[in-house]
Amino acid sequence: CVRDPMGVKPFYYYESGKVFAFASEARPLGRHPLFDCSISEQRIADSLVFPLEHADKTSTLFQSVKRLPPASLMIVDEQHVQIKNYWQPNPEFELKLSSDEEYVEAFSEQLERAVATRMPRSGNIGVLLSGGVDSSVVTGVTQALVAKQKHGSLVTYSTILEPEQKCKESTCIRLMQKKLGLNSVTVRPSDLPSIKQELAQIMSLAAEPFDWCMWQVLLLANQAVQGRCEVLFDGVDGDLIHSLSPSYPSQLLRDGKLREALREEYLLWDRYYDRNENIASRYYWLFRHLGLPQSLAWLKHFKPAPRADIGHLIHPELGKLMSVEARVLAMHNEIYGQGLQSLRSRHARSIVHPVIAAGLERYDRVTALAGIEVRHPLMDQTLVELSLAFPREQKVRDGWSKFHLRRAGMKTIPKQISFRKDHEENAWRFFDDLVDIFELREQVQNANNIDQYLRPGVKKNIGKLVAGDVIQLYYLSQSLRD
C-alpha cells in the first residue's frame, strides 16, 4: 500500500492478529460488526478544541482504525505490518537563477504542467473560486489551458454576498468574473432555502466531526455535480506550501539582518494585521524570539502571551483526561519553536506538517459525499519541491507572502487580486442562515450522544452560541450516530 507524498488521497486500515482491512473512509471499518473498534475519546476532544485536529497523521475517530501517513509505504504479510517513509522535502538544496523573471517563469511553467496533468480528457472542469490569490491563480491558469486545448469548458463555483454587504471576497470574485469572462455558478445566502432538501440529505451523511467547516465546499461540490463537471480544482494551500511562516523576520534577525527584519515586520503588519495592534508590540515579539529580557516590555501595548485555551465547548474533565492544554501548547511550540536553523528548514517542516494532510482529507471526504473528485494543482510534488528550493526573497518579500506565486498570477489574473493585501472569508456570514434554515440548534439540543463531552450549560445556553459552534456540534453528533 502506498500513499501519495502530500496526502491528497486518504488510506484507512484496521489490523488485529491475522486480520487486515482497509478503506478510503474510516467509518466502514470502525462500524464493521466483526471488528473491535470503540470510539476514540481523544479524537472527540480534538474535535472540540482547535487546532488538535492536526495533532498527528495517524489517529481517527475509532481507536483501532489508523490513517496511513502521507509519503508512506506499507508492507503487510502474515507476520508483520511495516510502514516506511519514502519521501521528505530536501531543505539543503537551493535553486539559483539569474533574475526574478527566471524564477517566475520556472514556477509558471511547472504550475501550468501541474494543472494540465490534472485536467480530464474531456468534459467540464469546475474550480472552487473563493476570491483569494490561490484559487484565482488556479482559475486563471486553467482557463488559459482550456482555451488552448479547445475541449471541455471551465465553470467556477463560489459563495458570494450581495454588493451592499461589502464583502471583500465577493468583490474579488465579481472582478474575476468580469475581467476573465468566466462561466460562473454562485450561491448566495438567499439561495439556501431552495436547495435545502438536497443539501440536508448530503449533510446527514457527515461521518467526521472535523468536517463542519467544509459545508461551503460540500454545497459547491453538489452544484458542480449538477453542472456535470468531471473534476473540481481547488487552490489549497499556497500559504503553507508556497510561502514562509509570518515569523520569518525573527530568523532574519538571528542572521544579523536587523534593518531587513524590521522592515519586513513593519510591512507584514501594514498588509495583514489589524491596525488596533500597535506596531511596537510586533517589534517586541520580534525581539523576544531572541530571548531578550522582559525589560523590553516598555514597548506600547505589550500583552503577555496567553495560556492555551482549551475551549468553551469541551467538558473540563474530558480536557484534563486528554491533556488538551498541554497538547495545544506542545503543538504551538513545535510550530513556532526555535530549534531549526534556517528558513528553508522551517519551510520543509511546514510542508509535512499534519495540518496539510488533515485539510486534504477533509476535502476528499466532503467532495466524495457529493460524488465528485477534487484535485489540487498547488500540491503537485514537483511544484512543491521547486518552491522549497527558491531563495527566501522569492517566497516572501516586502511583506508579501507567496511572492513568486503572486507574480506568476499576474500573467492571467488582475493585479488587484494577485497582490491584494487583505483577506476576509465570507463563510461566517452564511452560518446564521444555515443554522436557521436547517434548525440546527434544535437538532443539537436533541442530540443526547454528545452530552457527556460538553461543558455543563452548553446546551442550556445554545441560543447564545455563535452559529459556527452550533454547526460544529451538529457534525459531532452526526459522526457519533450508530
Side-chain angles (χ1 to χ4, degrees), residues 6-12 23-31 37 39-63 65-70 128 202-221 234 236-237 240 309-315 318-319 322 324 327-328 331 335 353-370 374 376 425 427-428 431 434-435 440 443-444 447 449-450 453-454 458 465-481:
M6 302 305 297
V8 172
K9 290 297 181 183
F11 185 94
Y12 299 91
S24 58
E25 299 177 28
R27 191 175 184 82
L29 299 175
R31 294 302 192 190
C37 296
I39 291 291
S40 168
E41 290 195 338
Q42 180 74 77
R43 288 306 272 172
I44 292 177
D46 293 351
S47 74
L48 292 169
V49 180
F50 181 84
L52 291 180
E53 176 191 7
H54 320 136
D56 61 56
K57 302 178 184 179
T58 59
S59 59
T60 74
L61 191 60
F62 302 95
Q63 291 278 10
V65 178
K66 303 299 180 184
R67 298 141 64 206
L68 182 65
L128 297 173
I202 300 176
M203 286 178 64
S204 68
L205 301 175
E208 288 281 347
F210 303 105
D211 295 347
W212 70 271
C213 57
M214 302 292 289
W215 72 269
Q216 275 181 303
V217 174
L218 174 61
L219 186 157
L220 296 176
D234 192 87
V236 174
D237 184 312
L240 289 173
D309 179 10
I310 68 166
H312 59 285
L313 298 177
I314 189 172
H315 196 291
L318 178 61
M322 299 302 162
V324 164
R327 293 171 68 226
V328 170
M331 286 190 66
I335 295 171
H353 193 276
V355 68
I356 300 295
L360 293 174
E361 288 162 359
R362 275 192 266 113
Y363 269 92
D364 183 83
R365 288 192 298 264
V366 168
T367 54
L369 284 179
V374 64
H376 311 281
E425 295 188 11
W428 64 273
F431 281 179
L434 193 72
V435 167
L440 295 187
Q443 293 196 52
V444 170
N449 59 350
I450 59 175
Y453 308 118
L454 301 184
V458 165
L465 290 182
V466 297
D469 288 342
V470 177
I471 298 172
Q472 182 177 359
L473 295 181
Y474 168 78
Y475 268 78
L476 177 58
S477 68
Q478 286 295 109
S479 65
L480 296 178
R481 68 190 185 278

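- Residues His353 and Leu240 form no side-chain contact, since every pair of their non-hydrogen atoms from C-beta on lies 4.5 Å or further apart.
- When the options Ile314, Leu480, Leu313 are evaluated for a side-chain contact (heavy atoms from CB on, under 4.5 Å) with Tyr453, the one that passes is Leu480.
- Residues Ser479 and Arg31 come closest through the heavy atom pair O-NH2, 4.3 Å.
- Contact annotation: the side chain of Val435 approaches that of Ile471 to within less than 4.5 Å [non-hydrogen atoms, C-beta and beyond].
- Judged as a side-chain contact (heavy atoms from CB on, under 4.5 Å), and not counting sequence neighbours, the contacts of Thr60 are Tyr12, Ala26, Phe62, Val65, Arg67.
- Rounding to the nearest 0.5 angstrom, the gap separating the CD atom in Glu41 from the CE atom in Met322 is 5.0 Å.
- Annotation: side-chain contact (heavy atoms from CB on, under 4.5 Å) contacts of Lys66 (sequence neighbours excluded): Tyr13.
- Annotation: side chain of Met6 is not in contact with side chain of Pro70 (no heavy-atom distance under 4.5 Å).
- Within 6.0 Å of CD on Gln443 lie more than 12 heavy atoms contributed by other residues, nucleotides or ligands.
- Using modelled atom types, one side-chain atom of Arg481 and one backbone atom of Gln478 make a donor-acceptor pair closer than 3.5 Å.
- Looking at residues two or more places apart in sequence or on another chain, you find a side-chain contact (heavy atoms from CB on, under 4.5 Å) between Val374 and Leu232, Asp234, Tyr363, Thr367, His376.
- Distance CG/Leu473 to OG/Ser47: 8.5 Å, rounded to 0.5 Å.
- The salt bridge (Lys or Arg N to Asp or Glu O under 4.0 Å) pairs that include a residue from residues 207-219 are Asp211-Arg365, where partners are two or more places apart or lie in different chains.
- In this structure, the separation between CG on Leu434 and OH on Tyr474 is 9.5 Å, given to the nearest 0.5 Å.
- Closest approach of Asp56 and Thr58 over heavy atoms only: OD1-N, 2.9 Å.
- Of all the heavy atoms in Leu48 and Leu476, the pair that sits closest is CD2-CD2, 3.9 Å.
- Taking the salt bridge (Lys or Arg N to Asp or Glu O under 4.0 Å) definition, one finds that Asp237 meets it with nothing, sequence neighbours left out.
- Partners of Gln216 under the side-chain contact (heavy atoms from CB on, under 4.5 Å) rule, at least two apart in sequence or in another chain, are Thr159, Asn426, Ala427, Phe430.
- Contacts of Asn449 classified as side chain to side chain donor-acceptor pair (under 3.5 Å), with partners at least two apart in sequence or in another chain: none.
- Distance CD/Glu25 to CZ/Phe11: 13.5 Å, rounded to 0.5 Å.
- Counting heavy atoms from C-beta outward, Val470 and Phe431 have side chains that stay 4.5 Å or more apart.
- In terms of heavy-atom proximity, Pro209 sits nearest to Leu61 at CD-CD2, 4.1 Å.
- Rounded to the nearest 0.5 Å, atoms CG (Leu440) and OG (Ser477) are 9.0 Å apart.
- Take Glu53 and apply the salt bridge (Lys or Arg N to Asp or Glu O under 4.0 Å) test, not counting sequence neighbours, and it matches Arg362.
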